[in-house]
4 protein chains.
Amino acid sequence: MNEYSFKSKTRRCAIKKRGRKKSPEKRRNITQAAITVFSRVGYHKARIKDIAKISGVAEGTIYIYFKNKEDLLISIFKEKTRETIEFFKSEVQKEATPLDKLKRLISLHLETFEKEKDLARLYQLELRQSVRLTKEYFKVEHKEYLDLMGEIIKEGKEQGVFRKDINESIVKRVIFGAVDEVITTWVVSSKEYDLTSVYEPLTDVLLKGLLNPEK
Amino acid sequence: MNEYSFKSKTRRCAIKKRGRKKSPEKRRNITQAAITVFSRVGYHKARIKDIAKISGVAEGTIYIYFKNKEDLLISIFKEKTRETIEFFKSEVQKEATPLDKLKRLISLHLETFEKEKDLARLYQLELRQSVRLTKEYFKVEHKEYLDLMGEIIKEGKEQGVFRKDINESIVKRVIFGAVDEVITTWVVSSKEYDLTSVYEPLTDVLLKGLLNPEK
Amino acid sequence: MNEYSFKSKTRRCAIKKRGRKKSPEKRRNITQAAITVFSRVGYHKARIKDIAKISGVAEGTIYIYFKNKEDLLISIFKEKTRETIEFFKSEVQKEATPLDKLKRLISLHLETFEKEKDLARLYQLELRQSVRLTKEYFKVEHKEYLDLMGEIIKEGKEQGVFRKDINESIVKRVIFGAVDEVITTWVVSSKEYDLTSVYEPLTDVLLKGLLNPEK
Amino acid sequence: MNEYSFKSKTRRCAIKKRGRKKSPEKRRNITQAAITVFSRVGYHKARIKDIAKISGVAEGTIYIYFKNKEDLLISIFKEKTRETIEFFKSEVQKEATPLDKLKRLISLHLETFEKEKDLARLYQLELRQSVRLTKEYFKVEHKEYLDLMGEIIKEGKEQGVFRKDINESIVKRVIFGAVDEVITTWVVSSKEYDLTSVYEPLTDVLLKGLLNPEK
DNA sequence: CATGAATGAGTATTCATTCAT
DNA sequence: CATGAATGAATACTCATTCAT
C-alpha cells in the first residue's frame, strides 16, 4: 500500500505491515495490557513500563496511541462502556415486555462482569481514581445505563406492570445500586462464588419489595 | 522514700515522665485536616505538607501520631466508622418495630452523610485508594453495618412484617447498595440538592418493590 | 545531701542520687552505649534514639552531656585514646631497653584491641566518618602514638640497637601501619582468630626485615 | 524484504532497536564526577544532584547506569581497583627478580595514588563508608593485591632472596599496612609533599628491618 | 537536670513524559 | 511510526536537635 518503505534509502527498515499507520491491533494490545495491569495493582501503582512490556511495545509507543496515562484509563472505560451499553441495548430490545427487559438487563450486567473479571475489578474499585474520569463517567456512561433502565421502568409504568406511584429517578438508582453492591462484594471477596447465582433473589426483592403483602 | 509516686493519682512523678505529653487535641486536628485535604484533592494528590500546615503542626509531628500516609487514611476510616456505627446502633435500638428500625437506619445513613460532606466524599470516592484499606474495610466496618441491617431484617421476617421467603444476605446488600448509590450520585452532583429528600421514594420502593400488586 | 527533693512541692520527684549535677555514671553509660551502637551499625546509621534507649536516658539528656552526635563520636575517641595512650606510656616506661619497649608497645596495641572488640571496630572502620574527627585525630592522638614510637626508635638508634641509618619518621609509620593493617584484617574477618597470635611473626619481620642476611 | 537488516555491520535495523543507545561515555562522566564529589565532601554528604550537575546529565540518568548511590560508590571501587590491579600485575611481570618485583609493586602503589589524588582520598578515607563495600572489598580486591604480594614473597623465599623463616601471610600485610599508612598520612596532610619520596626509606626498612645487624 | 514531644531541613528515588535516532 | 534513553519534577519520611514542662 505504502511503497515508501521499500525504496527508502534512509534508516527506515523492513516493516511487517504494509503501511505505517497506527495499528488497531497494537492499540488493542495496549488496552488489554492496561486492563490487566490496572486491575492487578491499581491505577496509581501501575507503571507505563509494565504496560508497555506486556503489550510488547516500547513505552513511547503508548503515547502515540494515548495522550497520557489518565487518557489510557479513561479510554478503556469509555470504549468498554460504550461497547457494553450498545450490547445491552440491543439485547434488551429483543425482549417483549418491560418486565423481561428489566430482568434481561440485570442478568446481562451480572453475566458480563462475571465473564471479564479484570474489567469488573476496574469498574468496582479503580473507576474512582481520577477526578476527571469519575465526573465524566457519572455524567455520560453511567447516566446512559441509568437512562436505559429509566426507559424500561417508564414503559412498565405506562403498561401498568410497574407501580404508577414510584419515582423513576430513584428506582433506577436503587436497582443499579443493588446490582453494583452485589458485584463489588463479589469482586472484593476474591470472586469465589458464582455471580449469576444472585440473580434470582436480587430480582425477587427488587420487584416485590421487602414488605409482606399479607399483612 | 518518696511517697508521691505511690499516692499520685495521675501519672505525674511515677518515677520518670516529665516533659510534654502527646496531645489528643493535636491528633484530632491532624485527622480533621486530613479529612479536608483528602476530600478536596483525593488521597494520592494530597500532600503531607498541606495536612501539616492546616493542622498547625510540623510534618514530622504527623508521624508521631500516625505511622504513615496510608495509616492516616485508614485510621480516619476506622475511627469515623466505629463512631458512626455505634451511634447507628444506639439510635436504632430506640425504635420498637423492625420496620421502624430499618427506616431509622436508612434515615440516619442519609442524614449523617449530608451533615459531613467532606467525610461523605471520602467514603464514596476515596475509600478504594488503598488495597489494604478496601479489604479491611469491607471485611470489618462495612460488614458490621450490613450485619446490623441483617439482624433487623431477620427480626422482621420472624415477626412476619417482612416477607418470609426473602434472602437476607441479598436484601441487606440491596438496601445498602441503593442507599450508597443515591449518596454517590449526590456527592458527584456537587451536592446541590437535599440528600434527605430521597428518603421517602427510596424506602417506598425498597419496601414495596417495583411490581404493581394489582396486576 | 540534697534535701530539696524530699520537701519540694513542685513536680520535682524522688531522685536517686543526692544532687542534680551531671552524673559521671550517666555519661559513662551514654559513652558505652554509643560505642556499642556506632560499632554495630556505623556512625551514620546510628540513631541517637537507640543510644538513648540503651543508656537508659532520654534523647534530650544526651545533649546535656554532649554537644551533638559528632561531638559524641569525637569525645569517645579523644577520651579512649587519651586513656589508652597514658596507659601505653606508663607500661612502656617499665621496660628497660628500647627493644623491649618497642615490643611491649606493639604487644599492648594488639592486646588492647583484642579485649575491646567494639572499640576496635570503631578505630579501624568508623574513625574516618567525620572529616573534623579524622583531621584532629591524625594531628593529635595518632601523632602522639607515633611520637611515642618515634622516641623509642630514637633511643634505640642512639644506643645502637637499631640501625643508625634508618629514617625514624618512616619507620614509626611502617610499624604503625603494619600493626594497624593486621588489626583491620582481624576486625573485618569477624574476629575469628586470636589477634595476639600475630605478635611473633609481626615483630620478627619488622625487626629483622625481609631480606635474607646470608645472601 | 529489506536487505539492509542482513548486511548491516552495525546493530542498525536488526529488526527492532532504534532510538538512543546507552553511552559508555556518559557512564564515564558520571563515574568521574562521582569520584570528584565523593572525594571532596565524602560519600554521605555527597548529593546525587551535584554529581548529576557535574557529569552534565539529569539525576534520573544516573539511575539508568547505576542502581543507587551505594552502587555508584561500589562500582567505582570495583572498576578502578580491577584496572589498577591488572596494571600492577602486568608491570610486575616485566621485572626479573622477586626483589625487583616487590620494589616495583611498592613503587607503583605510591605513584598511582600520587597521580590520582581524588581517588587516593577515596581509598584512604571513604572506602569504609559502606559495610557492604568494606566487606566485599576486603574479601575480593584487597585480597587480590595481597595475593600478588604473597606470590612475590613466596618466590623470593624459594630463591633464597628473602628469609625462609618468615610468615608470608603476615609479611604481605606488614608491607601493605606500611605503604597504606604512609599514603594515608600523605592524604590527610593535604598532600603537600611528594609521595614517591618515601619510597627509599620505606623499602629500606621493610627489606632490612629495624635491628642493627652489627650488634 | 531530665524528659520526650515537637520541629523541619534535607534527599534519594521514582516514573510519566519527551525526543533524538 | 517505533524505540527506549534521557529528563527532572515531585514528595514521603527520617532523625538530629530543641524546648516546654
Side-chain angles (χ1 to χ4, degrees), chain A residues 2 4-5 10-13 15 17 19-23 26 44-52 57-65 67-70 72, chain B residues 12 16-23 26 45-52 57-65 67-70 72, chain C residues 5 10-13 15 17 19-23 26 44-52 57-65 67-70 72, chain D residues 12 15-23 26 44-52 57-65 67-70 72:
Chain A
N2 182 324
Y4 283 35
S5 46
T10 75
R11 81 187 77 78
R12 179 130 284 122
C13 300
I15 279 174
K17 295 308 212 80
R20 259 175 285 94
K21 286 282 161 249
K22 288 191 196 181
S23 134
K26 212 161 265 184
H44 277 102
K45 292 201 175 163
R47 286 177 301 148
I48 292 289
K49 196 165 209 164
D50 290 335
I51 297 175
V57 302
E59 291 166 72
T61 308
I62 291 178
Y63 288 84
I64 296 170
Y65 292 87
K67 220 177 76 208
N68 52 34
K69 190 179 172 185
E70 195 188 31
L72 179 52
Chain B
R12 300 237 275 83
K16 289 187 172 194
K17 302 277 178 183
R18 261 161 302 179
R20 260 175 274 181
K21 298 285 170 303
K22 280 197 198 180
S23 129
K26 210 156 267 181
K45 291 202 174 163
R47 285 179 302 147
I48 293 290
K49 198 166 211 163
D50 291 336
I51 297 175
V57 302
E59 285 172 69
T61 307
I62 292 178
Y63 290 86
I64 296 172
Y65 292 90
K67 225 177 72 210
N68 52 37
K69 191 180 172 184
E70 195 189 30
L72 179 52
Chain C
S5 46
T10 74
R11 82 185 76 78
R12 180 130 285 123
C13 300
I15 279 171
K17 296 306 209 86
R20 260 176 282 96
K21 287 279 160 253
K22 288 192 193 178
S23 134
K26 211 160 265 183
H44 278 103
K45 290 201 176 163
R47 287 176 301 148
I48 292 290
K49 195 166 209 163
D50 290 336
I51 297 175
V57 302
E59 290 167 71
T61 307
I62 292 178
Y63 288 84
I64 296 170
Y65 292 88
K67 222 178 76 208
N68 52 36
K69 190 180 173 184
E70 195 188 31
L72 179 53
Chain D
R12 300 240 271 84
I15 289 309
K16 291 190 173 195
K17 303 272 176 187
R18 262 161 301 181
R20 260 173 273 181
K21 298 286 170 299
K22 279 197 200 180
S23 127
K26 209 157 270 184
H44 279 102
K45 291 202 175 165
R47 285 180 302 147
I48 292 291
K49 196 164 213 164
D50 291 335
I51 296 176
V57 303
E59 287 171 68
T61 307
I62 292 178
Y63 290 86
I64 296 172
Y65 293 89
K67 223 178 72 209
N68 51 35
K69 191 180 172 185
E70 194 188 30
L72 179 51

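Only this structure's heavy atoms are used, side chains among them; waters, hydrogens and symmetry mates stay out. Here the structure is a predicted model, which is why all the values come from computation and not from measurement. Below, read A as the first sequence line, B as the second, and so on, with proteins coming before strands; counting in each chain starts at 1.
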5′-ward residue of the pair D:I62/A:I64 relative to DNA chain F: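 It is A:I64, whose closest nucleotide lies nearer the 5' terminus.
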Please report the shortest heavy-atom distance between [X] and [Y], naming the atom on each side.
| X | Y | value |
| --- | --- | --- |
| C:K69 | C:H44 | NZ-O, 3.6 Å |
| B:N68 | B:Y63 | CA-CE2, 3.8 Å |
| D:A58 | D:A52 | C-CB, 4.0 Å |

Considering only [options], which nucleotide approaches the side chain of [X] most closely?
| X | options | value |
| --- | --- | --- |
| B:K26 | F:dT7, E:dA6, E:dG8 | E:dA6 |
| D:S23 | F:dA6, E:dT7, E:dT3 | F:dA6 |
| A:Y65 | F:dA2, E:dA5, E:dA2 | F:dA2 |

Between the protein and nucleotides 14-16 of chain E, which nitrogen or oxygen pairs come in under 3.5 angstrom?
unit_1, atom_1, unit_2, atom_2, d
E:dA16, OP1, A:A46, O, 3.2
E:dA16, OP1, A:K69, NZ, 3.4
E:dA16, OP2, A:I48, N, 2.9

Paired stretches of DNA chain E - 3 or more consecutive Watson-Crick or G-U pairs, each distance under 3.5 Å: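 For DNA chain E the paired stretches long enough to count as stems (3 pairs minimum) are E:2-21 with F:2-21.
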Span that lies between the P atom of F:dT21 and that of E:dC1, in whole angstrom: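 Going atom to atom, P in each nucleotide, I get 22 Å.
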Gap between atoms NZ and P, on D:K21 and E:dC19 respectively (whole Å):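 About 19 Å, once rounded to whole Å.
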Length of the CD1-C1' vector between D:I51 and F:dG8, whole Å: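 Result: 16 Å.
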Any side-chain heavy-atom pair of C:V57 and C:I51 under 4.5 Å: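 A side-chain contact is absent here, since even the closest heavy-atom pair is not under 4.5 Å.
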B:K22: partners by side-chain contact (heavy atoms from CB on, under 4.5 Å), with sequence neighbours left out: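 B:I64, B:Y65.
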Working for side-chain contact (heavy atoms from CB on, under 4.5 Å), residues C:R47 and C:D50: CA-CA 5 Å; C:R47 287 176 301 148; C:D50 290 336; 3.2 Å; yes
From CD1 (C:I48) to CD (C:E59), nearest 0.5 Å: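 Rounded to the nearest 0.5 Å, the CD1-CD separation comes out at 8.0 Å.
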